[in-house]
Amino acid sequence: MREKDNISVTLLDWYDVHAREMPWRVSPQARRAGRIPDPYAIWMSEIMLQQTTVATVKEYFIRFIARWPEVRDLATAQDADVMAEWAGLGYYARARNLLKCARAVVAEHNGVFPADHAALLKLPGIGPYTAAAVSSIAFDLPHAVLDGNVERVMARLYDLHTPLPDAKPQLMIHAQTHTPSLRAGDYAQAVMDLGATICTPKSPACGICPLQDACTARANGTMAELPKKLPKKAKPVRHGTVYLGQRTDGAWLLETRPEKGLLGGMLGWPGSDWVDVALAHPDSSPPAAGDWTLMAGDVRHTFTHFHLILRVVSAELPQNTTPIAGTFKPRDDFRPSDLPTVMRKAFDLLHTDATPHMTKDGSLL
DNA sequence: AAGCCGGGGGG
DNA sequence: CCCCCAGGCTT
């Protein structure tokens, strides 16, 4: 086993050769040539990368930057436009905080992201990880990033068997130990790249790992079982009903969900509450009078903490319909891609299987 | 400290 | 189909 005192040098050398291309990334070569990363772009990428893979984020990042090139553009955007652009990316509180943060940077920091870890930490949506990531990647300040990748790399490097999240303080100490005072940004990206591409959760590619000779778990053969985690709890199943109503002129009956809670601030179909299978089926009344039809099949979707099974009920509504819930959105004003995934699945069900399961008879609903 | 928040990819 | 992954906010 080699000593662990030059981990950062080894990783930086590896990163010089193996750094992946990303739309927000300044390559180590470009950085040496004097190119400075755009803190706004780094911040936006890091918010999107919370709980989300690089492959998924790329297209969203490109669209956001094209539409709102600078923080002042985003700060003056309409809430609904930002939420619609975020649709499908998940964890919608991130989008609400993205907007809050952009407005705070304009209002409190003159439109310039502060090159200061403590100041970044005070901004909405920026926690310990993101403050360290922006500090290091955008400003080359020597703050240690500790995301899931770094946790895994450090747990294996030190063969640490303490389960997460109890192990976090120890892992953070190791992460800080290896963070260099020079090239802190490249180092942060290097260690996260390593975790994403080589030191992977399952079947890590130890044979091509630049740290293989320094890795204690590799020496002990325990890398596949690290990091240990506390057991997760089972997800309950909930049931509900959504109503997809389309007026004769093509307008859809939609509602904007409340700011707080599940899918907060997002567009969705009116419907019942979502209740546990053990309870009575939700008493759901349609959002407007009409000839409602239960569609064949159902929508199945899994959220962070429960599985959901939705009945989908549809109707063609007369032009003079007065909604009980929701508002009509003109056909040309509505794109299915503005919906969070579970709501888009309901829309897809309507259009891929247009055969009614049974005709509405009044008692059905 | 524990619970609340999506969605994608892999076995 | 099920399992795994993983930051920040709220309470």
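Below, read A as the first sequence line, B as the second, and so on, with proteins coming before strands; counting in each chain starts at 1. Hydrogens, waters and symmetry mates play no part in the numbers below; they use all other heavy atoms, side chains included. It should be emphasised that the depicted structure is a prediction, and the values quoted were computed from it without experimental measurement.
- Using a 4.0 Å cut-off, some side-chain N or O of A:Thr341 falls inside it from OP1 or OP2 of B:dG7.
- For CD of A:Gln78, the number of neighbouring non-hydrogen atoms (other residues, nucleotides, ligands) closer than 6.0 Å is 12 at most.
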Review point. Hey, mind stepping through A:Asp298 and A:His239 against side-chain contact (heavy atoms from CB on, under 4.5 Å) and telling me if it holds?
Key: CA-CA 10 Å; A:Asp298 50 38; A:His239 293 256; over 6 Å; no
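- A distance of about 15 Å separates the P atoms of C:dA6 and B:dG11, rounded to the whole Å.
- Atom-to-atom, CG of A:Leu263 to C1' of B:dC4 comes out at 12 Å; the value is rounded to the nearest Å.
- Here C:dG7 presents its C1' atom at 14 Å from CG of A:Leu98, a figure rounded to the nearest Å.
- As a whole-Å value, the separation of A:Leu267 CG from B:dG6 P is 15 Å.
- Atom P of nucleotide C:dC9 and atom CG of A:Leu262 are separated by 19 Å, given to the nearest angstrom.
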For A:Arg35 and A:Gln29, what are the C-alpha separation, side-chain angles and deciding distance, and is it a side-chain contact (heavy atoms from CB on, under 4.5 Å)? CA-CA 9 Å; A:Arg35 189 170 157 211; A:Gln29 291 75 23; over 6 Å; no
For residues 109-125 of chain A, tabulate all N or O donor-acceptor pairs below 3.5 Å that involve a side-chain atom, not counting sequence neighbours.
| unit_1 | atom_1 | unit_2 | atom_2 | d |
| --- | --- | --- | --- | --- |
| A:Asp116 | OD1 | A:Ala118 | N | 3.0 |
| A:Asp116 | OD1 | A:Ala119 | N | 2.8 |

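- For the pair A:Phe303 CZ and B:dG7 P, the computed distance is 6 Å after rounding to whole Å.
- Between A:Phe64 and A:Trp86, the angle of the ring planes goes over 60°, which puts this pair in the perpendicular group of the 30/60° scheme.
- Candidate nucleotides B:dC4, C:dG7, C:dC1 were compared by shortest atom distance to the side chain of A:His305, and B:dC4 ranks first.
- Within the cation-pi definition used here (under 6.0 Å to the ring centroid, within 45° of the axis), A:Arg344 does not qualify as a partner of A:Phe347.
- Using atom P as the reference point in both B:dC5 and C:dC5, the two lie 23 Å apart (nearest Å).
- Side-chain nitrogen and oxygen atoms of A:Arg96 include none within less than 4.0 Å of the OP1 or OP2 phosphate oxygen of C:dC9.
- Remark: the separation of the C1' atoms in C:dG7 and B:dG10 is 23 Å, to the nearest Å.
- Rounded to an integer number of Å, the gap from A:Tyr92 OH to C:dC9 P is 19 Å.
- Taking 4.0 angstrom as the limit, A:Lys229 places a side-chain polar atom (N or O) nearer than this to OP1 or OP2 of C:dA6.
- A:Trp252 and A:Phe334 have tilted rings, their planes meeting at an angle from 30° to 60° on a 0 to 90° scale.
- Proximity of residues 39-60 of chain A to DNA chain C (heavy atom under 4.0 angstrom from any strand atom) is restricted to A:Gln50, A:Gln51.
- Contact check for A:Leu194 versus A:Cys209: side-chain heavy atoms found under the 4.5 Å cut-off.
- Heavy atoms of A:Gly261 sit under 4.0 angstrom from primed sugar atoms or phosphate atoms, though from no base atom.
- Between A:Arg25 and A:Asp193 there is a salt bridge, since at least one side-chain N of the basic residue sits less than 4.0 Å from a carboxylate O of the acidic one.
- Residue A:Tyr91 is in base contact, counting any heavy-atom pair closer than 4.0 Å across all strands shown.
- Helical stems in DNA chain B, defined as runs of 3 or more consecutive Watson-Crick or G-U wobble pairs with both donor-acceptor distances under 3.5 Å, are listed by first residue as B:1-5 with C:7-11, B:7-11 with C:1-5.
- Going from atom CZ of A:Phe306 over to atom P of B:dG6 covers 9 Å, rounded to whole Å.
- Where A:Lys202 and A:Gly264 each meet DNA chain B at their nearest nucleotide, the meeting point lying more 5' is that of A:Gly264.
- Of the side-chain N and O atoms in A:His301, one or more sit less than 4.0 angstrom from OP1 or OP2 of B:dG7.
- Mapping A:Lys100 and A:Lys235 onto DNA chain C by nearest heavy atom places A:Lys235 closer to the 5' end of the strand.
- At whole-Å resolution of the value, CG in A:Asn149 and P in C:dC4 are 18 Å apart.
- With contacts defined as side-chain heavy-atom distances shorter than 4.5 Å, the pair A:Met343/A:His301 does not qualify.
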